[in-house]
J.: 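Have a look at the structure that comes next, please.
Only this structure's heavy atoms are used, side chains among them; waters, hydrogens and symmetry mates stay out.
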Amino acid sequence: MAQHYRLNAAKTVKIIEGSGLDWVDKVKNMLKNNPSLKTDERTQIYIVFDRDRLSVDAISRMQHKVEKIRKHISICELGFSNRSFEVWLLAHYRKITARIEDQRHLCTELSKYLGYEYIKGSSQQMESILKGDKVYQAIANTKAVADIAVDQQSTNIGMIVNAVIN
């Protein structure tokens, strides 16, 4: 996304290993220990994750940790998709509702829109999905489900993307 929208100052740091509760702590540690991630008044942090098997309590604890980070960095947000990131990707093609769809259905739908089998994590497919600025349609298609919710399908990735590219 940073390349596509020419976000020259943006840095993407991927944390693949660990559980949800670790991610906020890992971000804090990375900011503290990595000189190339030095923060200033313009720093914005977005911690993006799928719900997977995180409990309501675990997500609440993550939100509390993010609030503590906000005392030092004004913009720090959790980016959340319930059930998975594929909810956000599918929004590039159609409106997302609160009704939870299983992972297999989300992947089948993405395959249908792509015209070939969707492969989770494929950077080529991500580029294909982003091509043509469908991101603006995805932002519009997720407005009704943009609040973090664990009992229904939701994603606030559109709100975060909108904040970053505008």
J.: Do Ile100 and Val87 belong together in a cluster built from hydrophobic side chains that touch within less than 4.5 Å?
T.: no
J.: Which heavy atom of Cys76 sits nearest a heavy atom of Val66, and at what distance?
T.: O-CG1, 3.1 Å
J.: Sequence neighbours excluded, which residues qualify as side-chain contact (heavy atoms from CB on, under 4.5 Å) partners of Asn34?
T.: Ser36, Leu37
J.: Contact between Trp88 and Ile96 at the side-chain level, heavy atoms closer than 4.5 Å - yes or no?
T.: no
J.: With sequence neighbours left out, what residues match Lys112 under salt bridge (Lys or Arg N to Asp or Glu O under 4.0 Å)?
T.: Glu109
J.: Hey, any chance Tyr46 and Met159 share a hydrophobic cluster, counting ILVMFWY side chains that come within less than 4.5 Å of each other, even indirectly?
T.: no
J.: Does the Ser111 side chain pair with the main chain of Cys107, one donor and one acceptor, at a distance under 3.5 Å?
T.: yes
J.: Kindly compute the distance separating CD1 (Ile148) from CD1 (Ile59), expressed to the nearest 0.5 Å.
T.: 7.5 Å
J.: Which residues pass the side-chain contact (heavy atoms from CB on, under 4.5 Å) test with Glu67, sequence neighbours left out?
T.: His64, Arg70
J.: Check whether any side-chain heavy atom of Ile47 lies under 4.5 Å from a side-chain heavy atom of Glu77, and answer yes or no.
T.: no
J.: Checking Thr97 now: which residues fulfil side-chain contact (heavy atoms from CB on, under 4.5 Å) with it, not counting sequence neighbours?
T.: Arg99
J.: Ala149: what forms a side-chain contact (heavy atoms from CB on, under 4.5 Å) with it, not counting sequence neighbours?
T.: Asp151, Gln152, Ser154
J.: Starting from the C-alpha separation in whole Å, work towards a yes-or-no answer on side chain to side chain contact (heavy atoms under 4.5 Å, CB included) for Asn82 and Thr155.
T.: CA-CA 6 Å; Asn82 186 22; Thr155 182; over 6 Å; no
J.: Test side chain to side chain contact (heavy atoms under 4.5 Å, CB included) on Asn162 and Val135 and set out the steps.
T.: CA-CA 9 Å; Asn162 194 43; Val135 72; over 6 Å; no
J.: Please table the atom pairs, donor to acceptor, closer than 3.5 Å between any side-chain atom in residues 137-144 and protein atoms at least two apart or in another chain.
T.:
from   : atom 1 : to     : atom 2 : distance (Å)
Gln137 : NE2    : Asn141 : OD1    : 3.1
Asn141 : ND2    : Ala91  : O      : 2.8
Asn141 : ND2    : Arg94  : O      : 3.2
Asn141 : ND2    : Gln137 : O      : 3.4
Thr142 : OG1    : Ala138 : O      : 3.0
Thr142 : OG1    : Ile139 : O      : 3.2

J.: Taking Asn156 for the side chain and Phe80 for the main chain, is one N or O donor matched with an acceptor at less than 3.5 Å?
T.: yes
J.: Same cluster for Leu90 and Ile119 if Ile/Leu/Val/Met/Phe/Trp/Tyr side chains link at under 4.5 Å?
T.: no
J.: Of the non-hydrogen atoms in Gln103 and Ser84, which two are nearest, and what is the gap between them?
T.: OE1-OG, 2.6 Å
J.: With a 4.5 Å limit on heavy-atom distance, are the side chains of Leu89 and Met126 in contact?
T.: yes
J.: Taking the side chain from Lys134 and the backbone from Ser128, do they hold a donor-acceptor pair closer than 3.5 Å?
T.: yes
J.: Nearest 0.5 Å, what's the CD1-CD1 distance between Ile160 and Ile75?
T.: 11.0 Å
J.: Let me confirm one number: the CD-OG1 distance from Glu117 to Thr108, rounded to the nearest 0.5 Å.
T.: 9.0 Å
J.: Please enumerate all residues that pass salt bridge (Lys or Arg N to Asp or Glu O under 4.0 Å) together with Glu86, with sequence neighbours excluded.
T.: Lys120
J.: Filter on ring pair (Phe, Tyr, Trp, His ring centres under 6.0 Å), then keep only pairs touching residues 93-113, sequence neighbours left out; what's left?
T.: Tyr93-Tyr113
J.: What's the separation between atom CD1 in Ile45 and atom CE in Met30, rounded to the nearest 0.5 Å?
T.: 10.5 Å
J.: Using a 3.5 Å distance criterion without hydrogens, assess whether the side chain of Gln153 forms a donor-acceptor pair with backbone atoms of Val145.
T.: no
